[in-house]
Structure formats: structure tokens, C-alpha cells
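Basis for what follows: all heavy atoms, side chains included, without hydrogens, waters or symmetry-related copies.
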Amino acid sequence: MMINDYTATLKYNSEDKFAPIPPAERMLQTIIAEPWHKVRQLDFSDLEGLCFDREGNLWYVEAKASASRLHKIDMKTKEDIVVYEDPKKRAMSAVKIHKDGTVFIPSVGPDFNSGYIFTINPDGTGFEVLMEGHVYDDLVFDSKGGFYYTHMLGDVANPIGGVYYVHPDRKTVTPLLERLCCPNGVALSKDEKVVWITESNSMRLTRVKLDPEGGPTDIAPFGVNVPYTFTGGGVADSCYVDNDDNLYVAMYDQGRVMVFNPAGWPIGQVLLAGREDGFHLGSTHPMIRPGTNELYICTNDPVKGAWIFKAGAFAKANENGYQFK
């Protein structure tokens with residue numbers, strides 16, 4: 001009987017057991033984000049929705065039905081306070097601050113079936129339900145005071161999610177794009193003519209070009225395309241546009257943020273320290289601090305806890321970021 005003596009043996013790289021960088025993305029410009037702030041939690045829950053207000057405070061939510069708390073961090077002292085706790089426990093998923101100062105909170109519901117968008121004042125008073133009926137994961141304002149939101153349902157076998165536009169009257173709702181596979185993050189280009197969408201369950205980056213002569217839901221001819229399909233495990237999560245119109249996409253279960261130029265080409269990535277050992281893989285939301293190129297990323301780990309990481313971005317924060325004007 002012949003026994004083969006194999007001299008070529010497969011060997012693990014350091015990241016192969018956790019979240020290896022896909023081969024096509026290993027040559028991207030790469031930097032490491034370091035831990036900046038550990039969140040004190042009564043129980044483990046995902047962090048989401050980083051957002052700066054006009055006073056420079058950093059807001060975020062605990063995205064879990066059992067927690068469902070809204071936090072604010074003083075960037076000078078790092079004092080972290082709970083501004084509001086949702087009594088309905090519908091799992092807050094993001095926080096955005098309108099230019100009039102109103103805080104908008106979308107939620108997906110405890111079982112992704114009964115979300116709503118509510119508004120409150122910056123001091124936590126004035127709770128008011130704005131709309132119900134969808135699974136509201138993320139939203140982004142335009143200069144008119146309206147906003148786009150994601151209805152986070154659907155998969156490749158049943159694409160029933162969508163992105164919708166709420167007009168400045170906060171009552172009229174018009175679909176932008178439907179039949180999507182669990183749309184998660186949504187972002188708007190500086191000229192407000194491109195809407196970016198991350199579809200978590202199809203791992204697609206969808207780019208919607210609007211008609212220059214039309215309204216906020218009028219799509220240009222041949223205006224919908226998928227410039228990038230993500231690979232590997234995990235999902236494409238929340239996204240943000242910087243002042244050079246680059247798009248930052250948090251990759252959940254991968255411990256990193258990918259960066260795309262305005263046309264959708266990948267140009268860089270930010271890896272969270274510890275991901276090589278299987279920690280801090282639950283990266284959910286990127287945000288740049290106004291007036292700086294400081295990139296903040298919230299992440300979650302069942303062993304290390306919930307953290308906010310920090311790194312340097314390609315450009316400063318979006319000057320048309322209406323959530324903090």
C-alpha cells in the first residue's frame with residue numbers, strides 16, 4: 001500500500017479562524033483604530049447610531065430591547081450619561097439630530113416587527129411617536145428638512161425591504177426604492193443627488209442616482225446600480241459620507257470599516273485593534289467628528305464589552321451634515 005507523503009501543508013494565518021480580510025481587499029490602504037471609550041452597561045447590548053450635535057457632544061444608542069437607552073458623551077470630559085430610556089423597549093437602532101435640535105430615534109422593534117420613529121428634545125423630554133408600521137433602522141436628513149429611512153426587512157429569497165423619503169411636513173412618505181434585501185444603512189452625498197444604501201442580507205452596496213431636475217425620490221435613468229458586493233461573513237451595516245464624498249461602511253462581524261470613493265470604488269479600510277484575535281468584530285456605525293478627520297466607530301464584543309474606537313479618516317466631517325448644523 002502506498003502512503004502519500006505530502007510536503008505542502010495548509011497553515012492558518014492569524015486571522016483565518018475569525019474574520020480574514022478577503023483577498024481582493026488585502027491591498028487596500030489599511031490603518032488600525034484604537035479603543036477610545038468603553039461603555040458602561042448594565043447588560044450587554046449592541047451600540048449603534050453615533051451622531052454629533054451642534055455643541056460637539058457624541059450621541060449613541062444601545063440597540064437592544066432589554067436596554068434601548070440613548071446616551072450622550074461630553075467630548076471634553078468623556079462623561080457618558082443616559083439621556084433617555086425607551087419605556088416601550090422597541091430596540092433603538094440609530095440617533096440623528098435635526099437642524100432644529102430635535103432628536104430623531106428610529107427603532108426596529110424587539111423582534112424586527114414593531115418599530116417606530118420617535119422624537120424627543122435634547123434633554124430627554126417631549127417624547128412623541130412620529131410614525132409606525134415599518135422596521136426603522138437608519139435615517140439621514142437632507143437640507144430641506146426631510147429624511148430618508150431604511151425599512152429593514154427582506155432577504156435574497158424574499159426582498160421586501162425598502163428605502164423611503166419623509167417630506168419636511170413629517171407626514172408625507174414616498175418610496176425611493178423597494179424590493180430590497182434588508183436595507184440597513186443609508187447616506188446622502190453632499191449634493192444630495194446620490195443615496196447610498198447597504199443591503200445586509202445580500203451584502204450589496206447600492207447606489208441610487210437621483211434626477212438632477214427632479215425631487216427627492218425621482219431616480220435618474222439607469223440610476224440604480226450595485227458598485228460593490230461585499231464578501232465574507234457578517235453584514236454591511238451603517239454608513240456615513242465625509243466632506244470629500246467618500247463613503248464609510250461598518251462591517252458587522254468583521255471588525256472593520258471599508259471606505260469607498262464617490263463612484264463606489266473601495267479605497268481604504270480601518271481595522272479595529274483586537275479583531276485579529278477574534279475580538280471587537282461587531283462594528284456597527286462610523287462617524288467623523290465635525291471640524292476634524294477623527295473617525296469614531298462603535299463596536300460590540302461579548303467578552304471585551306462595548307467600545308467606541310478612534311482612527312483618522314481620509315477627510316473631515318461632511319460640512320453638509322444637517323444633523324449637526
[atom1]/[X]: more than 12 non-hydrogen atoms of other groups inside 6.0 Å:
X: K209; atom1: NZ; result: no
X: R26; atom1: CZ; result: yes
X: K304; atom1: NZ; result: no

Please work out which of the three classes, parallel, tilted or perpendicular, describes the rings of [Y] and [X], given edges at 30° and 60°.
X: Y116; Y: F118; result: perpendicular
X: Y136; Y: H134; result: tilted
X: F127; Y: Y84; result: parallel

Quiz question: by atom type and distance under 3.5 Å, do the side chains of [X] and [Y] form a donor-acceptor pair?
X: N318; Y: K190; answer: no
X: S283; Y: Q254; answer: no
X: S93; Y: E48; answer: no
X: S202; Y: R204; answer: yes
X: D242; Y: Y248; answer: yes

Side-chain donor/acceptor of [X] to backbone N/O of [Y], under 3.5 Å:
X: N300; Y: G282; value: yes
X: D53; Y: G56; value: yes
X: D244; Y: N246; value: no
X: N57; Y: M75; value: no
X: S189; Y: V194; value: yes
X: D74; Y: K78; value: no

Quiz item: So do V270 and I297 actually touch side chain to side chain, heavy atoms under 4.5 Å?
Solution: yes
Quiz item: With the threshold set at 4.0 Å, does a side-chain nitrogen-carboxylate oxygen contact exist between K96 and D138?
Solution: yes
Quick check: closest heavy atoms across [X] and [Y], and the distance to 0.1 Å?
X: H280; Y: D301; value: N-OD2, 2.9 Å
X: I197; Y: P183; value: CG2-CB, 3.9 Å
X: G185; Y: T150; value: O-CG2, 4.0 Å

Exercise. Would you please indicate yes or no on a ring centroid separation below 6.0 angstrom for Y165 and H167?
Key: yes
Quiz prompt | Rounded distance [0.5 Å steps], CH2 in W36 versus CZ in F309 | solution = 12.5 Å
